[in-house]
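Just so we're on the same page: letters track the sequence lines, and every chain starts at 1. Small disclaimer: the values here were computed from a predicted structure and weren't measured.
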Amino acid sequence: MPGHRWKVLPRKFYRRDPRAVAPELLNKLLVRDDGRAGRIVEVEAYCGSEDPAAHTFRGKTARNATMFGPAGHMYVYFTYGMHWCANAVCGEVGEGVGVLMRAIEPVAGIELMRAARPRAVRDRDLASGPARLTQAMGITGEFDGIDLVRNERGLRIVSDGTPPPVHAVAGPRIGISRGIEHPWRWHVPAHPHVSRK
DNA sequence: GTCCCGATTCCCT
DNA sequence: GGGAATCGGGACC
């Protein structure tokens with residue numbers, strides 16, 4: 001992989017409102033040092049104490065502690081008794097805000113992703129969905145709290161120079177029952193690897 | 001301690 | 001479109 005041409009996103013990129021960070025994460029690359037990499041094509045912002053859909057809405061707990069920590073770290077949580085989901089922590093320490101990565105387009109290490117997701121027949125099913133994404137990339141609870149800026153556990157988010165889409169599609173978030181009025185989901189227009197239309 | 005349900009996925013109809 | 005799988009967090013008694 002031409003890693004030397006990739007720039008790791010700096011801490012300051014994340015130290016902002018997640019609603020500003022989220023659309024700018026589109027077209028960035030989530031990269032593992034085992035060769036797996038994918039282009040981020042769908043994200044959602046979760047906004048702490050002002051957002052009833054956020055895990056952090058009711059304050060800090062053992063489970064969500066990472067979200068209240070420094071920006072640029074990764075919050076990984078377990079849900080539905082079987083799935084992991086991954087977020088980039090944003091904002092300032094104590095805010096409990098971040099961006100859920102919902103879909104990537106596989107761009108490297110696709111054989112490893114296939115091995116991790118043997119049931120996915122089509123490439124577009126490999127990582128189009130928040131739990132599919134973590135399965136394809138091999139992300140589990142062991143990655144909760146890692147510093148993406150420092151490439152901990154070999155995981156990072158980089159730019160290859162591709163800008164975010166000029167007109168990202170915004171709409172309601174998926175799978176939530178409260179806060180549905182907020183258009184805090186963004187995806188690359190007409191991209192086949194987005195989890196839903 | 002008990003109970004409900006979730007930032008989901010997959011398979012069946 | 002509907003339901004099962006599967007279990008821990010968190011609200012509430």
Handout entry: Contact residues, residues 93-103 of chain A to DNA chain B [heavy atom, < 4.0 Å]
Key = A/Leu100, A/Arg102

Problem - Side-chain ion pair, A/Asp51 and A/Arg178, N-O less than 4.0 Å - result: no

Practice task
Return one dot-bracket line describing DNA chain B 5' to 3' (Watson-Crick or G-U wobble pairs, both distances under 3.5 Å; ( ) same strand, [ ] crossing, | another strand, . none).
Solution key: ||||||.|||||.

Handout entry: Ring-face cation of A/Arg32 near A/Phe143 (centre distance under 6.0 Å, axis angle within 45°)
Key = no

Handout entry: A/Ser159 side-chain N/O to A/Lys28 backbone N/O, donor-acceptor pair under 3.5 Å
Key = no

Handout entry: Cationic N near anionic O, under 4.0 Å, A/Arg16 to A/Glu24
Key = yes

Fill in the blank from the handout: To the nearest angstrom, the CZ-P distance between A/Arg173 and B/dT8 comes to 11 Å

Problem - Length of the line joining A/His182:NE2 and B/dA7:C1', which is rounded to integer Å - result: 14 Å

Contacts under 3.5 Å, N or O only, protein and nucleotides 10-13 of chain B:
{"residue": "B/dC10", "atom": "OP1", "partner": "A/Arg117", "partner atom": "NH1", "Å": "3.0"}
{"residue": "B/dC10", "atom": "OP1", "partner": "A/Arg117", "partner atom": "NH2", "Å": "3.0"}
{"residue": "B/dC10", "atom": "OP2", "partner": "A/Arg132", "partner atom": "NE", "Å": "2.7"}
{"residue": "B/dC10", "atom": "OP2", "partner": "A/Arg132", "partner atom": "NH2", "Å": "2.7"}

Completion exercise
Heavy-atom closest pair (A/Pro18 atom, A/Tyr46 atom, distance to 0.1 Å) is CG-O, 3.7 Å

Exercise for the section: In whole angstrom, give me the gap between the P atoms of B/dA7 and C/dG1. Expected result: 22 Å

Handout entry: Whether A/Asn64 side chain and A/Gly59 backbone form a donor-acceptor pair below 3.5 Å
Key = yes

Practice task
Could you state the atom-to-atom distance from CZ of A/Phe57 to P of B/dG6 in whole Å?
Solution key: 15 Å

Exercise for the section: Answer yes when A/Asp160 and A/Lys7 have at least one side-chain N-carboxylate O distance shorter than 4.0 Å, and no when they do not. Expected result: no

Fill in the blank from the handout: Taken in chain and number order and not counting sequence neighbours, the residues that satisfy side chain to side chain contact (heavy atoms under 4.5 Å, CB included) with A/Pro130 are A/Cys85, A/Leu100, A/Arg102

Problem - Contact letters for nucleotides 1-13 of chain C, in which S counts primed atoms plus P, OP1 and OP2 and B counts the base, heavy atoms under 4.0 Å - result: ----BBB-SSS--

Practice task
Consider only side-chain heavy atoms of I, L, V, M, F, W and Y, link residues closer than 4.5 Å, and tell whether A/Tyr14 and A/Ile139 are in one cluster.
Solution key: yes

Problem - Touch class at under 4.0 angstrom, heavy-atom based, for A/Ala53 against every strand present - result: base

Practice task
Could you check whether A/Tyr77 and the base of B/dA7 form a stacked pair, meaning centres closer than 5.5 Å and planes differing by less than 30°?
Solution key: no

Handout entry: Residue among A/Ile40, A/Asn151, A/Val31, A/Val149 satisfying side chain to side chain contact (heavy atoms under 4.5 Å, CB included) with A/Ile157
Key = A/Ile40

Problem - salt_bridge(A/Asp123, A/Arg117) N-O dist < 4.0 Å - result: no

Handout entry: Side-chain (A/Arg173) to main-chain (A/Arg185) donor-acceptor, under 3.5 angstrom
Key = no

With a 3.5 Å cut-off and sequence neighbours excluded, list the donor-acceptor pairs that the side chains of residues 67-81 of chain A form with protein atoms.
{"residue": "A/His73", "atom": "ND1", "partner": "A/Gly145", "partner atom": "O", "Å": "2.9"}
{"residue": "A/Tyr75", "atom": "OH", "partner": "A/His55", "partner atom": "ND1", "Å": "2.9"}

Exercise for the section: Between C/dG3 and B/dC5, how far apart are the P atoms? Round to whole Å, please. Expected result: 15 Å

